[in-house]
Amino acid sequence: MARSISNLLFKGLSFSSVPASRSSTIAPGLLYLNGMRYSTSVPNDPDTHDDFKPTDKFKGSGLSLKDIVERDVKENPVMLYMKGVPDSPQCGFSSLAVRVLSLYHVPLSARNILEDPELKNAVKAYSTWPTFPQIFIKGEFIGGSDIILNMHQNGELKEKLKDIAANQEKSE
Amino acid sequence: MGSRGGATVLQQLSRASRMRTKLQTALEASALDIEDVSHQHAGHAAMRDNNAGETHFNLKIVSPKFEGQSLVKRHRMVYDALADELQSGLHALSIVAKTPQETGPK
């Protein structure tokens with residue numbers, strides 16, 4: 001287990017230079033993410049001048065963070081709030097959630113909560129769930145990685161994603 | 001569990017032992033296995049500012065209170081019992097939550 005986690009971390013690091021545009025194929029509609037680097041070291045750096053700190057990416061859109069979360073889970077059949085991005089998860093649990101969901105070949109939308117502490121808090125408040133990743137399917141809060149893995153193993157996940165997968169085939 | 005140096009244990013209860021007490025009290029756990037796996041996440045991006053340890057745990061809990069509850073609800077019950085710990089640096093839990101019947105002889 002320890003080894004697999006370190007492999008994941010290493011993989012994450014080596015992938016961190018992947019062009020940002022690549023994530024647009026994974027998170028359609030979540031364009032706010034695409035211009036951002038995956039690095040999570042900036043927000044905690046005391047030397048960073050305010051001008052260079054991440055700002056509220058949603059400012060000016062007229063939407064509160066709660067609205068953003070509501071819209072995310074409504075408009076994206078499978079919505080994942082995770083640490084890192086699907087290509088490069090920053091945490092073993094987030095990585096597990098991505099791997100499980102990827103097995104079903106459904107469109108996967110994701111936001112990186114490490115990039116935005118306020119969004120992170122908004123998601124926690126919305127779901128009243130304290131940890132990440134958090135998975136929503138068709139607007140319904142599903143749970144974290146333990147639960148998604150469990151649902152994968154007992155067949156519930158297949159059932160839940162059935163019509164999403166079917167729609168996907170139709171549109172292709 | 002219980003392998004920590006004798007003197008320090010008396011001074012300050014570990015998070016693991018606080019979790020044990022809270023889960024036992026709130027959920028009347030009939031079996032409880034708490035494993036500190038924080039070391040596996042030491043280089044974790046979100047853990048850079050947290051050197052205190054005791055952030056990640058694997059938890060196996062058997063409680064009659066899980067009877068008739070969905071998995072999400074069971075996890076919520078565990079999180080509710082550990083709300084204080086989650087506020088004070090407990091970062092992630094891997095939870096296996098079963099009823100006594102589910103763990104019974106197969």
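Order of the sequence lines sets the chain letters (A, B, ...), proteins ahead of strands, with each chain counted from 1.
For B/P100, the side-chain contact (heavy atoms from CB on, under 4.5 Å) criterion is met by B/S30, B/V62, B/P64, not counting sequence neighbours. A/K120 meets the side-chain contact (heavy atoms from CB on, under 4.5 Å) test with A/I113, A/K124, A/F132; sequence neighbours excluded.
Among residues 138-151 of chain A, the residues having any heavy atom closer than 4.5 Å to a heavy atom of chain B are, in sequence order, A/F141, A/I142, A/D146, A/I147, A/N150. Within residues 73-80 of chain B, the residues having any heavy atom closer than 4.5 Å to a heavy atom of chain A are B/H75, B/R76, B/Y79, listed by residue number.
When all heavy atoms of A/T131 and B/A92 are compared, the pair lying nearest together is CG2-CA, 4.4 Å.
No single ILVMFWY cluster, assembled from side-chain heavy atoms under 4.5 Å apart, contains both B/I61 and B/V96. B/F57 and B/V37 fall into different hydrophobic clusters, where Ile, Leu, Val, Met, Phe, Trp and Tyr residues are linked whenever their side-chain heavy atoms come under 4.5 Å apart, directly or through other members.
Remark: B/K98 NZ is loosely packed, at most 12 non-hydrogen atoms of other residues, nucleotides or ligands lying under 6.0 Å away.
Interface remark: B/L82 contributes no atoms to any contact with chain A (heavy atom separation under 4.5 Å). Proximity to chain A (any heavy atom under 4.5 Å) is shown, for B/I95, by both the backbone and the side chain.
Contact count against chain A (heavy-atom pairs under 4.5 Å) is highest for B/S94 among B/S70, B/S94, B/A83.
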